[in-house]
Every structure is written in structure tokens, then in C-alpha cells.
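Heads up: the structure comes next, in C-alpha cells.
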Amino acid sequence: MLNYIKAELWRIFHQRGIYLLAAALSGGTLLFCAAFHNGSFQGLASAVCVTMIVGVLAAPALAQMVDSCAMGTAKNELSFGLTRERIYLGRLYTSLLVGAGLSLLLVGLSLGGGWLLLPHSAREEDWVALLVAGFCIAAAFPVWCGMLSACHMLSLFFRGNAGWVAAYYLMLLIGAPVVMLAAVSLLNQLPEQGSVVLQAVIAPVVLMLPGVICGQLNWEYQVLCWGVGLFWLAGTTVLGLTIFQKIEL
Amino acid sequence: MRNYFSAECFKAFRRKYFYIALAVCLAGEGLLLWSYWFTYSRGNVHISFQSTAIELLLMLSFGLYATILLGDVVFSDQYKWGTLKNEVSYGVSRSVIYLGKLLAAGLLSVVACGVMMGFYLAGCWVLFPHGAGDGLFFQMLGYCLAGALPLWISALAVIMACFFNIRSSTVGTLLAVGILMVLSNIIQILGLLVNDVFLKIYEYMPTVIVDNLKNMAFDWSYVGRAWLVGAVWTVGAVAVGLMGFHRSEIR
């Protein structure tokens, strides 16, 4: 498995796509930080907290880095003797590793660059701001992994890439609010917490909305994010693996 | 052109792709209608035709991004499968190919829009009580549709330009999403950082106008702005797309 992952990483980092994606995201990060730092590291760290949705928006691009030619080359890999499970999981682990690397790059650029270049207020306030940003990133990470796993499943299931990528963004932008509206109406009788959990499970992107993050900086939110993220990661992996085992390549 | 357009429509309407996508969207609308009916049947007095139908006006941006799916129904990875070179080799001019597919995608969009809006409005009309606000809603609907239509057309023109000029449909899709979704945010940030003129440009971005339409009723000069922006983006996207397609090597 490690050899397979190493081979996939070698392929990805010898293509332009990952560098273009990293450059685009880095450019966007630097622009955002330049516009919203509010003159101090504390201001920057607070602004970074509301950008967690970027990981969910970038998931299809990341999945395509790994899976763009997968359906064409998978039969060669199978002929070589690799199992379908190794191909599916190896590409999933590769995309998660690349995603983690990209996240580190962007966090390093924003928070690391901000720590070095921006004026600091009282030391304690800066550390609190950094901890809050770290809390938000720690809560977002499993949700990013869950969405990336869903994109990996979709990229191997659908022959046409544009269709599922468009459907993914439509689900995020319109499908999630529709689900929330429906859930609010249907689950009026449920306790508010139950309604929030069900909405998060159906549409994890709601956990990343700036309005939700700002009001939910507590351990229940952290547990909910990890639960929803791991649920989607495990669920889409099981479903994707099942489908991948059965389809004709 | 007429024969080519007919052929593209035949292909698009014969595939299951369009109907599956439409069915999924109608299922989402059905879920929403059912949820409103559920709460109405349990005594919620705030549910009415107006209060439910007006949700349509909050989702006008759906029309911008749905064009990506509809464009893919018509174009469908033709670079990957090598069918585009067959059409060019046959002797069909590149302009006819480009405009034929654009018009076919446009027809598909009109049909999809009509079916989806008709289904939702019919559901709201039949299921929920009516009141004095119905007339106002239809005026708002007319106003918003008048403003959104040229912007939806411009989004379709942008996505087709991306599909025709970028060999990878995924990169084309991501570029279209970037242009439609991300570009306006970048311009807004530039307005805060560099110069106020970018904030003026921001006010003329299709996504911003579509989202703002419902707040500008009944300022018809704003609809005029929507038509102007839509026309500029459409003509620009078709010109850039056509020029790029004429020059590109099709392998």
C-alpha cells in the first residue's frame, strides 16, 4: 500500500495541476489575509476562522488531482495484479495526504505569515486567538476529509467529471439550504439540538458556514464535526468500495 | 445550422442524463413541498402560497450554476471521447458547431427551468392557502425573472466557452465555477485593498446582481443593468469562446 501511495504522490507532484491549485489557493489566501487582517495578528486569526468552507469548496479539485485518469488506467493496474481495494483506498489515502499538505501550506501562509509580519497585541490575547483558529481548523479537518472522500467516490463512479463536479457545487450552494429549510419545517417537534445534528449529517457544509462557526465554539461543536466528518468518510468509503468492486472496468 | 441544432437537441433529449438530473432536482423540490405541507397540516398558520412560493426568489443563483450541468449534457467530454474532431472532419463549420451546441444547451435550460419552476409553483398553488399577497408575489416573480434571465444566459455562454476551449471538462467546470463564484469575491477584496473602482465593478458582477434582485423590486433600471451586464458577458463569452475554438487544434 505504501508503495502505491508513493507512486501516486510521485505522479501527482510531477504534474502541473497540483502546483496550479496550490498557487491559486495560496494567492486567494494571501489576498484574503491582506484584506481582513484588521491591523493585528488577533484580527487575522479571527478572520481565518470563517474561511473553513474553502476546504469543502476545494474538495472536487483535489479529488481530480488524484482521480482524473483513474477509470482509464485502473484496468492497467488491475492487470498488473493490484486489488481493487488497494486501488480505491490507495487513491483515497493519497488524496487525504495531499489535502493535509495543502491545508498545512495555507495555514502556514496565513497564520504563520501573520504571526511573523503583523503587530501583536497582548501575548495572552494572541495565544487565545491562535487557539480559537486552531479549534476551528481542528473541527473543520474531519469534515474536509469526509467531503474529499465523497468526491473520490463520485469521481470513480461517474464517467463524466463535469456532471458530478457541477452537482457537488449545486448541492453545496442550493441543496444544503433546501435541506436545511426542509429539516426546519419537518423537525419542528424535535429538540433544537436534534434538528441541528440531522441537518449537519445530511449537509455537513452547514457546519462550515461562518454564521454557524461564530456561534458554536464549544466542545459539542467539535464532537459534532468529528462525528459527521468520520461518518461521511467511513460511509462514502464503504459505499465507494462496494461500487468499485462491482463495476466493470 | 437548423439540421445541426436539431441533431444536438435529439441527442440531448434522448439521453437519460438530462432526465436523471431533472428528477433529482424535482425530488429536492418535492422534499421541500412535503416539509411545508407537513408543518401546515399540523397547524402552522404561517404557511401560505406566498410564503412558500417566495423561496423560489431566494434561489435564483441556482440558474447560474445549473447551466454547468446543462452545458455538460450537450457537450459531454467531447474532447475526451474524440467526437468533436469527427464533427469538424465531417465538414461542419466550427461556428455552426459552437453556436449549435450553445443554442441546444439554451433550449435545454429553458425546458428545465420551465419544468422546475412550474412543478414547484403548481405544488405551492395546490397545497397551500391563498391570500392577498399572491398578486404581489407574481409581480415579484416577473420582476426577478426579467432580471435573472439574461444573467442565466450569460452563465451558459461562459460555461460553453470553458468547455470548448479547455480539453479537460473538469478544469473547464472548475474554471467556470471560479468565474461565476470566486471572481466576484476577489474583485470585492481588491476593492477593499486597492481601489474603490473594484467595488463599482463588483456591483456589476452577474452573481451579485442575481442575488440582489429580490431586494431591488421594483426598480426596473436594475433590471436594465441586469440586461446590460448579461448582454456584455454573453457577447464577450461567445466571442472569446468562438475565437479560441477557431484557433485550437482538435486532437
Side-chain angles (χ1 to χ4, degrees), chain A residues 16-17 20-21 24-25 27-38 47 51 54 57-65 67-69 71-72 151 155 158-189 202, chain B residues 17 20-21 24-25 28-40 42 44 47 52 55 58-73 75-77 80-81 159 162-163 168-174 176-178 180-182 185-186 188-194 207:
Chain A
R16 282 183 305 186
L20 288 173
L21 180 63
L25 289 174
T29 300
L30 290 173
L31 252 183
F32 178 85
C33 293
F36 295 110
H37 61 74
N38 290 324
T51 62
V54 171
L57 294 175
L62 198 48
Q64 279 302 297
M65 293 293 132
D67 295 327
S68 56
C69 303
M71 294 310 271
C151 290
S155 67
F158 287 99
R159 283 157 59 89
N161 295 323
W164 77 258
V165 171
Y168 177 86
Y169 284 114
L170 280 170
M171 271 303 295
L172 281 190
L173 294 170
I174 308 292
V178 165
V179 164
M180 282 170 68
L181 271 174
V184 163
S185 302
L186 283 171
L187 305 172
N188 229 1
Q189 309 301 324
I202 296 169
Chain B
Y17 187 168
I20 293 173
V24 170
C25 294
E29 289 185 352
L31 173 67
L32 199 54
L33 284 171
W34 178 58
S35 67
Y36 286 141
W37 176 84
F38 184 85
T39 183
Y40 168 68
R42 272 146 183 79
N44 188 338
I47 299 290
T52 51
E55 299 295 340
L58 303 178
M59 296 187 211
L60 293 176
S61 54
F62 179 84
L64 292 178
Y65 304 107
T67 54
I68 301 175
L69 212 58
L70 293 164
D72 188 50
V73 172
F75 193 81
S76 250
D77 274 329
K80 187 162 114 182
W81 305 117
I159 185 60
C162 291
F163 279 150
S168 164
S169 64
T170 314
V171 174
T173 304
L174 291 170
V177 170
L180 294 174
M181 193 194 309
V182 179
N185 292 313
I186 292 176
Q188 188 183 30
I189 292 177
L190 289 175
L192 295 171
L193 280 179
V194 177
T207 34

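Convention: sequence-line order gives letters A, B, ...; per-chain numbering from 1. Only this structure's heavy atoms are used, side chains among them; waters, hydrogens and symmetry mates stay out.
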Can you name the nearest heavy-atom pair linking [X] to [Y], along with the distance?
{"X": "B/Ile189", "Y": "A/Ala35", "result": "CG2-CB, 3.4 Å"}
{"X": "B/Leu69", "Y": "A/Ala167", "result": "CD1-N, 4.1 Å"}
{"X": "A/Ala162", "Y": "B/Thr173", "result": "CB-OG1, 3.1 Å"}
{"X": "A/Leu170", "Y": "B/Ala66", "result": "CD2-N, 3.7 Å"}
{"X": "A/Gly163", "Y": "B/Asp72", "result": "N-OD2, 3.3 Å"}

Go through the atoms of [X] and report whether side chain, backbone, both or neither lie under 4.5 Å from a heavy atom of chain A.
{"X": "B/Ser35", "result": "both"}
{"X": "B/Ile159", "result": "neither"}
{"X": "B/Leu174", "result": "side chain"}
{"X": "B/Leu192", "result": "side chain"}
{"X": "B/Phe75", "result": "neither"}
{"X": "B/Tyr40", "result": "neither"}
{"X": "B/Glu29", "result": "neither"}

Derivation and outcome, side-chain contact (heavy atoms from CB on, under 4.5 Å), residues A/Phe32 and B/Asn185: CA-CA 10 Å; A/Phe32 178 85; B/Asn185 292 313; over 6 Å; no
List for me each residue that meets ring pair (Phe, Tyr, Trp, His ring centres under 6.0 Å) alongside A/Tyr169, sequence neighbours excluded, and say none if there are none.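 Partners of A/Tyr169 under the ring pair (Phe, Tyr, Trp, His ring centres under 6.0 Å) test: none.
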Between A/Ile174 and B/Tyr65, is a side-chain contact (heavy atoms from CB on, under 4.5 Å) present by the stated rule, with each step listed? CA-CA 10 Å; A/Ile174 308 292; B/Tyr65 304 107; 5.6 Å; no
Interatomic distance, B/Met181 atom CE to A/Leu173 atom CG [nearest 0.5 angstrom]: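 Here the rounded value is 4.5 Å.
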